[in-house]
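Below: one structure in C-alpha cells.
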Amino acid sequence: MDIFLIGLIAATLRVATPLLLGTLGELFAERAGILNLGIEGTMFFGAFVGFVVGGATGSLWLGVVAAIVAGILSGLLMALLSVQLGVNQHVSGLGITLLLVGLSLFGFRLVYGEPRVPPAIEPFGRLSPFGQTPILGPLFDQYALTYIAFALVPVVWWLLYRTSFGLQIRAVGENPEAADAAGVNVFLTRYLALVVAGGLMGAAGAFLSLAQLGAFTYGIIAGRGWVCIALVIFGNWDPVRVLWGALLFGGVFALQLRLQITGLQLPYETFLALPYLVTILALAIAGRNAAYPAALLKPYKRE
Amino acid sequence: MHAIQMRGITKRFGPVVANDHINFDLEQGEIHALLGENGAGKTTLMRILYGLYHADEGEIRVDGEVVHIASPKDAIRLGIGMVTQHFALVPTLSVAENVVLGYTDGFRVEPQAAQQRVAEAAARFGIEVDPAALVRHLSVGERQRVEILKALYRNARILILDEPTAVLVPQEVEVLFETLERLRQGGLSVIFISHKLYEVMTVCDRITVLRDGRVVGTVDKEATSQAELARMMVGRETFGVTRQDGRPQGPVLLRIENLSALDQKGLPALKEVTLEVRAGEILGVAGVSGNGQTELSHVLAGTLKPTEGRVLVGNEDLTGADPARISAAGVGRIPEDRHEGVIGELSVAENLALEYLDEFVKGGRLDHRRIRQHAERLIAEYQIKASPTDRTRTLSGGNMQKVILARALSRNPRVVIASQPTRGLDVGATEYVRSKLLEQRDRGAAVLLLSEDLDEVLALSDRIAVIYEGRIVDVLPASEADVEQLGLMMSGAREGTSARV
C-alpha cells in the first residue's frame, strides 16, 4: 500500500483519539438530556491538570488519572448547575467553559510564569505491537490512549443498550417524567451521566498535552470541544456512528497537515480551516434528519 | 379490608387549596371511582398517593399500616401503580424496555430476555401487547395497555387510572373495561378517576365524589343514579347547553375542496378532504387525536400550505393565504392549543388588539387608550376575570380561552374555525364556550368544530364529519348519528354508508 496513505490513516487514528473521547463523553451527557457546553473548557482543564500532575510526579498515567478526576469535578459542577438548580444549560455550559479556561490559564501562570517556549515533557511512547512490519507496523504504531479510545466505542454501546444504567440514561433523556414515574432516579442518573461524560472529556484533554504534543499551549484544544458537539449530532447520538464522524474529521485534519507540506501556494490557515469546513458541511447534510433526545435542554423539576 | 385509607389529606398550591381534609377509603378488590369536575382535586389526591406530590397534612395507610410515600419508587414498593393521563412512556424505547425501566434486577439488560419476561407477564394478566414494538409506533389504546402492564409487572395490587377513557374510542373503552373486570376478579383494587357519569356507573362498585377539593360523599353504585351523581358533582341537577334543531340554513360560506397536506415529518396528513359549511350551521369533525385535525386547522389558519386542493370563504379563494388575509376575510379562529393563540408575556389588552393592530395605530404609534378601552369592553362582554393589564399567562385556562373567543368572535366573523375549544376546561367554562359557539351559529356564521370530545361534537353539531387517517370517512346529519356508529368510523373499522358530501 502507498506509504502516503498508510501514514495518513495512522495519523487519522491519532487525531481522532481526543475527538472520540470527547464525543463519547458528550454523547453520554446528551443522551441523558444535558447539552454540556462545558466540554471545551473541560478538555482544556484536563489538558492542563494532566500536564501539571504528569510533569510534577513524573508519572504520565497519574497525569491522565488527575485529568479524569478534573473532568469529573467539572461534570459535577455542570450537574449541580443544570440538574440540581435547573439553570439554563447554555448558560451553565458556557459559564463552565469560560471558568475552566480562565482557571487553567491562571494556574499555568502560577506554575510556569510566562515562559518564551512552552514547557514540554517527555510524552507517552507509542505501542508498536507489529514493530517494523510493513503496513501493520506503522498502522498500529499508536498511543495506548488511542487503543483505549477505540475500545471504548463498543463498551459505550454496550453500556447504553445492554445495561439498566444505559436504559435509564436513554429514558431520562427522552422523557424524564416517564422515567420518574417508573421509579428511576432522574437526578442521580443525570449526575452519573455527567460524571462519566466529564471523565472522558478530561481524558481527551490529557491525550493532547501528554501524548500528542507533550506540551501545554494556550491553543491546545483549538475548538475541538465544539467539534465534538457537532460530531454527536453528526452521529445521531449513536456511539458507533460518532466513530465515523471522528474518523472523518480526523482524516481531513491529517490530510490538511500533509497538504501544508506539499508546497501548494496557499496561506496555511486555509488548510487549517479545512477540517472545520468539512464539519460544517457534514453537519449540514447529516444534521437535517437529526433526532435530538426529546428532553435535551429541558431541566427536570417535579411539580 | 381496606387496601388504602387516606385521612385528612390537605394540599395547597399557594393560596389555592386543591385538597381540603379529604378522607378516602379503597376496599380490597373493588373498582372505586373518583368523580368530579376538572379542578375538583381528583388528580392531586392520586398524585399524592403515588408520591408525585407531598401532602401538607394528613395520613396514608396501606393495608392498615401508616406509610410515608416520598416518591413513585416508594409507591411502587407498596404495590401502588398509576396510569397517568399523559402516558409516562418513552416513545423511542420498546414496549419491553418501557416495562422493565426502573425495575430491572442486575446491571445487564438483554433485549431478548426482557422481551421474554414481558411477554410472559402480558400472557399472565391477559393484556395484548407486542414486547418488541417501539412505543412511538403504538396506538393510544395500545400505549395504555403498556402502562397497565407496566404497573402490574411491578406487582401492583392497587391500580390508579387517571381519566383512562379520555383518549380512547368507544371500542377500546370496552376492551379496557373487560380487562379491568378480569383483573379485579384476580384481586386487584382499582381507583378510577373520571368525570363521565356513564362510565362510572358501568364499571365501578363505589363512587367518591369530589367538588372544589372536598369530598361530597361516597356512594354505592347500586344505591345511586346518574342524576344524583351529577348533582353531587356540580351542585345542581342538570347541566349542559341545549341546541335547537331544524333551523333553515343559508349559503355555503366555507368550502374545502380536495385538500391535501403534509405533516411536520413530511408524511401525508390530509388526503383529499372535501367539506362544506353553510351559514347558520355547525359542522363537527369527530376523530381520534392525530388523524389530521391539527393539520386541517393549521391549513385553515394559514400556517400550513396545502399540497393540493382549495379553501374558499364565500367566493374568495384563500388557498395558501397568510393568516392576516384569512383574518381579514372574516374568519375567526380558536386554535387547538390556547397557549399558541395568545402571547403569554403580553397583557390581556395587547393580546386582544393583536390581530387588528392596524386599527389601534395613530401616526405610527400605538394608541394605548383605545387598546385599553377595547379590552375593557370585551372583558365585560365576555365575562373575562382579568384586568386589561394582567399578563395573559397568569390567567386560568378558561379565562385565557375567553380572551381568544373575544378576539375571534367580537368581529362577527362569517366563518368560525374552532379546534378543541373546550379541552382542559372545567364544566362552567366549557358551557360558556359552547354557548358562544351556538350563538355564532344562530347569528348566521358557518362554524367548523374540530373536537376529540365525541360528546361535544354530538351536543353541538348540525352535521358530523368523521376524520380517520386524514380522510373524511363520512358526513352525516347529527340526528342520524349515534355513539357506536361514530366510534366505529373513528377507529377506522368501518367506512361510511351514506354518500360523501
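A, B, ... follow the sequence lines: proteins, then strands. Residue 1 opens every chain.
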Practice prompt. Kindly check if the number of other-residue, nucleotide or ligand heavy atoms within 6.0 Å of CH2 (Trp244(A)) is above 12?
Written response: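 No, the 6.0 Å shell around CH2 holds no more than 12 heavy atoms from other groups.
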Discussion item. Looking at every non-hydrogen atom in both residues, tell me the closest pair between Ala88(B) and Ala181(A) and how far apart they are.
Written reply: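 Taking every non-hydrogen atom into account, CB-CB, 3.9 Å.
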Worksheet item: Is the shortest heavy-atom distance from the side chain of Phe107(B) to the side chain of Leu159(A) under 4.5 Å?
Response: yes
Item to complete: Give me the contact list for residues 72-79 of chain B versus chain A, heavy atoms only, anything under 4.5 Å, ordered by residue number.
Response: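 The residues closer than 4.5 Å to chain A, in numerical order, are Pro72(B), Lys73(B), Ile76(B).
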Fill in: Spacing of Arg31(A) atom CZ and Thr92(B) atom OG1 [to the nearest 0.5 Å]
7.0 Å
Discussion item. Give me the atom names and distance for the closest heavy-atom approach of Ala178(A) to Leu89(B).
Written reply: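 Scanning both residues completely, I find the closest heavy atoms to be CB-N, 3.5 Å.
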Discussion item. With a 6.0 Å cut-off (strictly less than), is the heavy-atom count around CG of Asp337(B), excluding the residue itself, greater than 12?
Written reply: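 Yes, because the 6.0 Å sphere around CG of Asp337(B) holds more than 12 heavy atoms from other groups.
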Discussion item. Considering only residues two or more places apart or on different chains, which pairs with a residue in residues 146-165 of chain A satisfy salt bridge (charged side-chain N to carboxylate O under 4.0 Å, His left out)?
Written reply: Arg162(A)-Glu110(B)
Item to complete: Using a 4.5 Å cut-off on heavy atoms from C-beta on, say whether the side chain of Gln168(A) contacts that of Leu101(B).
Response: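 Counting from C-beta outward, Leu101(B) and Gln168(A) do come under 4.5 Å.
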Worksheet item: Roughly how far apart are Thr163(A) OG1 and Arg108(B) CZ, rounded to 0.5 Å?
Response: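 Between Thr163(A) OG1 and Arg108(B) CZ, I get 10.0 Å after rounding to 0.5 Å.
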Discussion item. Once rounded to the nearest 0.5 Å, what's the spacing between atom OG of Ser71(B) and atom CG of Asp180(A)?
Written reply: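 Answer for the OG-CG pair, Ser71(B) versus Asp180(A), is 7.5 Å.
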Worksheet item: Within a radius of less than 6.0 Å around CD of Glu65(B), do more than 12 heavy atoms belonging to other residues, nucleotides or ligands occur?
Response: no
Worksheet item: According to the salt bridge (charged side-chain N to carboxylate O under 4.0 Å, His left out) rule, which pairs have a member within residues 127-145 of chain B, sequence neighbours left out?
Response: none
Worksheet item: For chain A, which residues of residues 150-160 of chain B have at least one non-hydrogen atom nearer than 4.5 Å to it?
Response: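 The residues closer than 4.5 Å to chain A, in numerical order, are Lys150(B), Arg154(B).
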Worksheet item: Would you say Leu93(B) and Arg170(A) make side-chain contact, with heavy atoms under 4.5 Å?
Response: yes
